[in-house]
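What follows is one structure encoded as structure tokens, with my remarks underneath.
Order of listing sets the numbers, starting from 1, for every ligand and every atom in it. Everything numeric in this text was worked out from a predicted model, so none of it was measured. Hydrogens, waters and symmetry mates play no part in the numbers below; they use all other heavy atoms, side chains included.
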Amino acid sequence: MSTKQFKAESRRLLDLMINSIYTNKEIFLRELISNASDAIDKSYYKSLVDENVSFNKEDFYIRITADKEKRTLTITDTGIGMTKEELENNLGTIAKSGSLSFKNENEIKDGVDIIGQFGVGFYSAFMVSDLVTVKTKSIDSDEAYKWESKGVEGYNIEPCQKDSVGTEIVLKIKENTEDEKYDDFLEEYKIRDLVKKYSDFIKYPIKMMVKKSRPKKDNEKEHEDYFEDETLNSMVPIWRKNKNELKEEDYNQFYMDKHFGYEKPLKVIHSKAEGIVSYTTLLFIPAKAPYDFYTKEFEKGLELYSNGVLIMDKCADLLPDYFSFVQGLVDSADLSLNISRELLQHDRQLKFIAKRIKDKIKSELLLMLKKDREKYEEFYKNFGRQLKYGVYSDFGANKEVLQDLLMFYSSTEKKLVSLDEYVSRMKDDQKFIYYAAGETVEKVEKLPQTELVKDKGFEILYFTDEVDEFAIKMLMKYKDKEFKSVSSKDLGFESDEKESKKETEENKDLFDFMKEVLKDKVKEVRASNRLKTHPVCLANDGDMSIEMEKVLNMMPNNQKVKADKILEINTNHEMFKAIKKAFQEDKDKLKMYSNVLYNQALLIEGLPVDDPVQFANDVCCLIK
Ligand code: ADP
Ligand code: MG
């Protein structure tokens, strides 16, 4: 009997498989199990449409057998089998995918679905095997056939002996190489792992005889090995079950089994969508950020399944960066999947699902904010920073999605509040959303710049994360209300401003002198309207704030940016009398005063003083 040649495309794919561009060799088992499961699906389908065919649930299973001595791994199924022609067509050529044509020929009824179009498929067996033997008997034929191939050279088909309908695939496992330990694929633990990882939710039992140990009957102290048939897969994926069948513990258990996190999740989102693309999602919001969450090593992504078969461990395209903390999976029968990740990225259905997932996460978080405040705050403590980065990054492209989810500490409520809550509380005469930036709530609380705004009875949001001000600059407005820093040049209080302008005019020479002393360190020295009890502070002019200057200068290869600073003096403060006096009588003293006041203002901001030794000496000089 002569060896037949593979069709051109098959040869190419086979070549790829044998020389394995595909590093993930272990997926061959997933592929063969999927094929077996498809074959059983087809039997089931036939039983629905053909009275002569019965479907007895117990008769349908997949079996894996490993023989270390012979180095063979056998995958047997009790599915529909293949006729000689089908063997030829299905395994001789890749272009004709059997699952695909079956799908087209028959309208698929509920409950029958066939995984097709994987792209990798049957030939992946050649990644781990140098001789593949397929023995099969079709439900439509009395004869059985054997297909055998060592790879690219071609394949043989001949009649063989096989009693039952179904298919048996025997892989002669390759010898170990330096890079790859093929032996592993004959180990029980490895097979178990692979089934759990990729095929846990195949609908039919995947059985294997496993070695166990028990005390001997006649001598309890000694143990004997025995073999027992075990089903390796759990068959029904939790996400396919109905929500009302499931308890919180079930979800939590699944979450831990999957190693999504070490403690129970904060929130579970389990939903089914039907429509243009049908899919199920099971998402988790962790209670705590993983230890590597804010590092480069962290990899976002959801597991992607096609009909219960794992296609990808971490499909990054399913999650936007700002929701990268979400764990979980998506299962869809509608995805056409392919070998390359690049193609997947351009998949329209995948994009569609990703968009829906994003909307879903957002609406669930908003719901939590409204209905379960405590939980949301806990969430926000862990992941709020990620949301704020999300507002800031991509030039604010996602600010609309995220703005309602933001929270900041409030000066009046003494807890985290949302922007919506802030705006709803704004006074009639309040034009802006006020904020103050600093390292901690305690430090911001004490900032002199907050005095006037607090005095007016207006609420102030405290920005204590580095990213806060950057995010807000991107947001610019919320519900048409502009954000305003309590340190910004003008606060929008006209009458107060008039007053301080007048004071500044009246003391023009004095302030000019001080500005002369401080040179470029400040843009201006002027009378303050925002200070009530405190003597001095810095205000800032322009887009770059003092907090932003601090943050940017802490970054590696910083550009040494500088915020434009205005030194503001409280002209109602006792110390101003001394300044005025010095201006009249002792200009050297005023020089020293100017420096001391400026340095004090820097300290209040948490900025380093330019010359600490000089500053200390100046202060001592004043004590004398
Ligand atoms: P796909 O599963 O995407 O169709 P594969 O390369 O995995 O592609 O398989 C090719 C075809 O070979 C299948 O469509 C099916 O018709 C046939 N086939 C493979 N394995 C089996 C099996 N265990 N039982 C019956 N038919 C099979
Ligand atoms: Mg397949």
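Contacts between K42 and ligand 1, counted as non-hydrogen atom pairs separated by less than 4.0 Å, involve the side chain only. Contacts between I80 and ligand 1, counted as non-hydrogen atom pairs separated by less than 4.0 Å, are absent for every part of the residue. The side chain of M82, and not its backbone, has at least one atom closer than 4.0 Å to an atom of ligand 1 (non-hydrogen atoms only; side chain from C-beta on).
Each of I361, L402, L405 was checked for a side chain to side chain contact (heavy atoms under 4.5 Å, CB included) with Y322, and the lone residue meeting it is L402. Screening L171, I191, L194 for a side chain to side chain contact (heavy atoms under 4.5 Å, CB included) involving F185 leaves a single residue, L194.
Ring geometry, F383 versus F293: the interplanar angle exceeds 60°, so the pair is classed perpendicular (tilted spans 30 to 60°). The aromatic rings of F325 and F323 stand perpendicular to each other, their planes meeting at an angle above 60°, with 30° marking the opposite boundary.
At a threshold of 4.0 Å, the pair K181-D184 counts as salt-bridged, since one of the basic side-chain nitrogens sits closer than that to a carboxylate oxygen. A salt bridge does not link E168 to K162: none of the charged side-chain nitrogens sits closer than 4.0 Å to a carboxylate oxygen. Here K46 does not pair with D50 in a salt bridge; the nearest charged N to carboxylate O distance is not below 4.0 Å.
If you number the atoms of ligand 1 from 1 as listed, the ones under 4.0 Å from a heavy atom of L91 come out as 12 (O). Atom numbering of ligand 1 starts at 1 in the shown order; those under 4.0 Å from a heavy atom of A39 are 24 (N), 25 (C).
On a distance-only criterion, Y123 and ligand 1 share no N/O pair closer than 3.5 Å. Among the atoms of G121, none of the N or O lies under 3.5 angstrom from an N or O of ligand 1.
With a cut-off of 2.8 Å, the Mg ion (ligand 2) has no N, O or S atom of S34 in range.
Checking L32, I40, N35, T136 against atom 9 (O) of ligand 1, the nearest heavy atom belongs to N35.
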